[in-house]
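Structure, as structure tokens:
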Amino acid sequence: MGERFTNITRGGALRNLIVLPALAAACAMGATTYALADSRTDLKYQSTPKGKQKCDGCTLFVPGKTASANGTCKVISGPISPNGWCTAFAQKHA
Ligand code: SF4
């Protein structure tokens, strides 16, 4: 009985050794994408520009098929208007 418990514990520890580095890597890679689920609200996304700032001038914007088509964003899920804006705006430099 005691032996079996020890084996289960060792198995769990081994699994943790494998899973934890993978989780750590996922967290490191996800630095810009981790907040996808609720970021539309959190980042106060709007489908209109904010002054001269708009999504098609943002480094985080992934353009759609045409210049006026909706694209996507690296920090907000779902379709994103090229004329939209949010508080994570990061100016593209030429
Ligand atoms: Fe638009 Fe904000 Fe995404 Fe930039 S981070 S593309 S401003 S929604």
Side-chain angles (χ1 to χ4, degrees):
M1 187 78 172
E3 170 123 359
R4 182 185 284 180
F5 179 75
T6 304
N7 284 341
I8 288 169
T9 305
R10 274 199 198 130
L14 267 179
R15 268 195 297 281
N16 285 345
L17 280 176
I18 293 162
V19 169
L20 288 179
L23 267 180
C27 289
M29 281 171 17
T32 57
T33 56
Y34 72 97
L36 279 178
D38 297 323
S39 53
R40 188 171 290 251
T41 306
D42 292 347
L43 298 176
K44 300 181 171 43
Y45 173 77
Q46 59 189 48
S47 58
T48 53
K50 177 95 164 181
K52 291 182 178 170
Q53 298 180 349
K54 54 182 186 169
C55 294
D56 70 359
C58 174
T59 57
L60 299 169
F61 185 63
V62 180
K65 287 186 176 157
T66 65
S68 60
N70 283 344
T72 57
C73 170
K74 293 177 185 170
V75 294
I76 293 182
S77 59
I80 297 290
S81 166
N83 295 313
W85 178 87
C86 84
T87 57
F89 178 84
Q91 182 68 53
K92 232 189 255 179
H93 294 285

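Remember, predicted model here, so these are calculated numbers, not experimental data. As the structure lists them, so they are numbered: ligands from 1, and atoms in each ligand from 1.
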Under 2.8 Å from atom 4 (Fe) of ligand 1, how many protein N/O/S atoms do you get? Just the number, please.
-> 1
Distance (rounded to the nearest 0.5 Å) between Thr59 OG1 and His93 NE2 | 8.0 Å
Determine whether Phe89 and Pro49 make a side-chain contact, defined as any pair of heavy atoms from C-beta on separated by less than 4.5 Å.
-> no
Mind checking whether Leu43 and Ile80 sit in one hydrophobic cluster, side chains of I, L, V, M, F, W, Y counted as touching below 4.5 Å?
-> yes
pair Cys86-Ile76: side-chain heavy atoms closer than 4.5 Å = yes
Can you tell me if Gln53 and Trp85 form a side-chain donor-acceptor pair at under 3.5 Å?
-> yes
Does the Ser39 side chain pair with the main chain of Asp42, one donor and one acceptor, at a distance under 3.5 Å?
-> no
